[in-house]
Amino acid sequence: MPSFRAPRGTYDILPGDQPYWSFAMRTAAEVASRFGYGRIDTPVFEATDLFERGVGDATDIVQKEMYTFEDHGGDSMTLRPEGTAGVCRAYIEHGLHNQPQPVRMYYQANFFRYERPQAGRFRQFSQFGVEAIGDGSPYVDVEVMELGWSFVRALNISGASLRVNSIGDSECRPAYLDALRDYYRDHIDDICDDDRRRLERAPLRLLDCKKSQCQSIGDTAPKSTDYLCNACKAHWVLVLALLEGLKETYPDLDYYVDHRLVRGLDYYTRTVFEIEPENAAGQSTLLGGGRYDGLIEEIGGQPTPGIGFASGLDRLVAHVKSQEDFESPEIGPDVVIVHLGEAAGRRGASLAAGLRAAGVAVLVAPAGRSMRAQMRYSNALNARYALIIGDRELESGEGSLRPLQEDSGQAGVSLDVEAIARAVRGA
RNA sequence: GUGGGCGUAGUGUAGUGGUUAACACGUCAGGUUGUGGCCCUGAAGAUCGAGGGUUCAAUUCCCUCCGCUCACCCCA
């Protein structure tokens, strides 16, 4: 056994898997820019306070999942467990409220949470997320959902569904929570132990308990949308109307209101949503987000509305990989130089340098191997051509260029960069 | 943090209370004179996760630990 392995909950992405990742990341960037979102990168770590205040003291993330450390100056720092707090911090810090609102930004980055790994859940994970800050209108809510939906669609993931809900705001939520607690207190004997603990600490979470006994109780629990204040109600109604309108463009948009949809972070207000794959199970949420109208103010800015989502790239890539229709490019070098003898080796090395400088992808076969071995090597790398240089070629000044993607055919080519580059590109 | 499953070469697997732990893929080397893919031959590569125990003897039985994995929790 090797003495070192990737830390628990982390993994290596080897060259062979990179095509899946570049596809996902390229798609994310394309979709985001189509919607007018500009990329933002923020630091991997931030002041611990930012997350405690932004994400919420009471959340599991803050309570037990953060990678927190004290730096040498004595400040408490934390590896970012999510993306929104950092983006909002940047919005405030750089005065982005002076730009046309809303400010639309996206990120693609790694995040860190100390959790027990399982399928689709890692300690270092990758997210593509977007944030639209500075406009509280329902139009933006639906724009963000549309963005998320088209991203998942662009990844060729079919059968996904969009769940939406509204959990109100600071105005109307307290009354709803009271109603919810009252309801569950009446059923205190019927719910599971976990739920009894949740009752006071995180009442919203009662709703998405997976145990069957609790499910049926949740079904008849008070609905947040019945407790919305007038402003939240109007917002919600328009969100639904716009969502319905989206179906003109996306007839397969499978969205539905889920009264049990709540989210784990404290900052969410009003609209929340998730996209799940066809066979949802375990850690399957592909994308989740919502509105966070109190967050900017909470971390020291002017009251500013915002909405966004984050999608789990690790999970999305896993889906892409499982769908067999993904064709990997399988790209080899243009040329592998096969050389016999030291003089030919030196000549080959200098030709390789010249060709690379000219933009041709070239490898020199490992020195000291037989010609047969070098040819096998060229073939194994899926090269387009083998350029053979031995004593004969050195003397005549003409190398043998052998196409490897075809059964036969071999031509002489003058041993200079120009001629070889032309021959390789020519075809 | 709590449960279940699993730990044999780089990868995927087989196997047995007892002499040199097997197979496939991969890697490397050969298959005469300088030419790949298929094929053939050979080689390297495993303290059988670690430690302890039972036994004349353990990779195989038992315990502990570690690791991986799935699920709960929570979330992307």
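Small disclaimer: the values here were computed from a predicted structure and weren't measured. Chain letters run A, B, ... following the sequence lines, proteins first, then strands; residues in each count from 1.
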Check: Salt bridge check: are R260(A) and D219(A) linked by an N-O gap of less than 4.0 Å?
Finding: yes
Check: Would you call E393(A) and R347(A) a salt bridge, taking side-chain N to carboxylate O under 4.0 Å as the test?
Finding: no
Check: Nearest nucleotide by nearest heavy atom, which residue falls closer to the 5' end of RNA chain B, D314(A) or G9(A)?
Finding: G9(A)
Note to self: Please compare R121(A) and R376(A) by the position of their nearest nucleotide in RNA chain B and report the one closer to 5'.
What the structure shows: R376(A)
d([atom1], [X]; [atom2], [N]) in whole Å:
| X | N | atom1 | atom2 | answer |
| --- | --- | --- | --- | --- |
| R80(A) | A76(B) | CZ | C1' | 14 Å |
| L363(A) | G36(B) | CG | P | 19 Å |
| E115(A) | A71(B) | CD | C1' | 14 Å |
| L340(A) | U33(B) | CG | P | 12 Å |
| F112(A) | C75(B) | CZ | C1' | 17 Å |
| I275(A) | C75(B) | CD1 | C1' | 16 Å |
| Y11(A) | U69(B) | OH | P | 12 Å |

Item checked: Q18(A) atom CD, neighbour heavy-atom count above 12 within 6.0 Å -> yes
Quick one: label [X] by what it contacts on the DNA or RNA (base, sugar-phosphate, nothing), any heavy atom closer than 4.0 Å.
| X | value |
| --- | --- |
| F128(A) | nothing |
| I61(A) | nothing |
| G129(A) | nothing |
| E65(A) | sugar-phosphate |
| R263(A) | sugar-phosphate |
| I388(A) | base |
| L313(A) | nothing |

Notebook entry, point to check: Between Y106(A) and Y37(A), does the ring centre distance come in under 6.0 Å?
Noted result: no
Out of [options], whichever nucleotide has its closest atom nearest the side chain of [X]:
| X | options | answer |
| --- | --- | --- |
| M371(A) | G34(B), G30(B), A76(B) | G34(B) |
| D407(A) | A76(B), G34(B), G37(B) | G37(B) |
| R205(A) | U35(B), G34(B), C74(B) | C74(B) |
| A373(A) | G34(B), A29(B), A76(B) | A29(B) |
| R8(A) | G67(B), U35(B), C75(B) | G67(B) |

Margin query: Applying the 5.5 Å / 30° rule, does Y377(A) stack onto the base of G36(B)?
Written below: no
Polar pair under 3.5 Å, donor/acceptor by atom type, side chain [X], base [N]:
| X | N | answer |
| --- | --- | --- |
| R315(A) | C75(B) | yes |
| Q374(A) | U35(B) | no |
| R402(A) | G36(B) | yes |
| N379(A) | G36(B) | yes |
| E393(A) | G34(B) | yes |
| R372(A) | G31(B) | yes |

With both distances under 3.5 angstrom, what nucleotide forms a Watson-Crick or G-U wobble pair with [N]?
| N | value |
| --- | --- |
| C23(B) | G12(B) |
| A46(B) | none |
| C6(B) | G67(B) |
| G36(B) | none |
| C61(B) | G53(B) |
| A29(B) | U41(B) |
| A76(B) | none |

Are OP1 or OP2 of [N] and a side-chain N or O of [X] less than 4.0 angstrom apart?
| X | N | result |
| --- | --- | --- |
| Q118(A) | C70(B) | no |
| R116(A) | C73(B) | no |
| S370(A) | G30(B) | yes |
| R369(A) | C28(B) | yes |

Euclidean distance for [atom1], [N] against [M] (whole angstrom):
| N | M | atom1 | result |
| --- | --- | --- | --- |
| C65(B) | C75(B) | P | 31 Å |
| A46(B) | C40(B) | C1' | 27 Å |
| U54(B) | G4(B) | C1' | 28 Å |

Notebook entry, point to check: Are the side chain of H259(A) and the backbone N or O of T225(A) linked by a donor-acceptor pair below 3.5 Å?
Noted result: no
Item checked: Inter-residue atom distance I275(A).CD1 - T285(A).OG1, 0.5 Å rounding -> 10.5 Å
Checklist line | Interatomic distance, R173(A) atom CZ to L204(A) atom CG [nearest 0.5 angstrom] | finding: 6.5 Å
Item checked: Distance-only polar pair, side chains of S126(A) and Q108(A), donor-acceptor under 3.5 Å -> yes
Notebook entry, point to check: Of N165(A), L240(A), D141(A), which is the lone residue that meets side-chain contact (heavy atoms from CB on, under 4.5 Å) with T271(A)?
Noted result: D141(A)
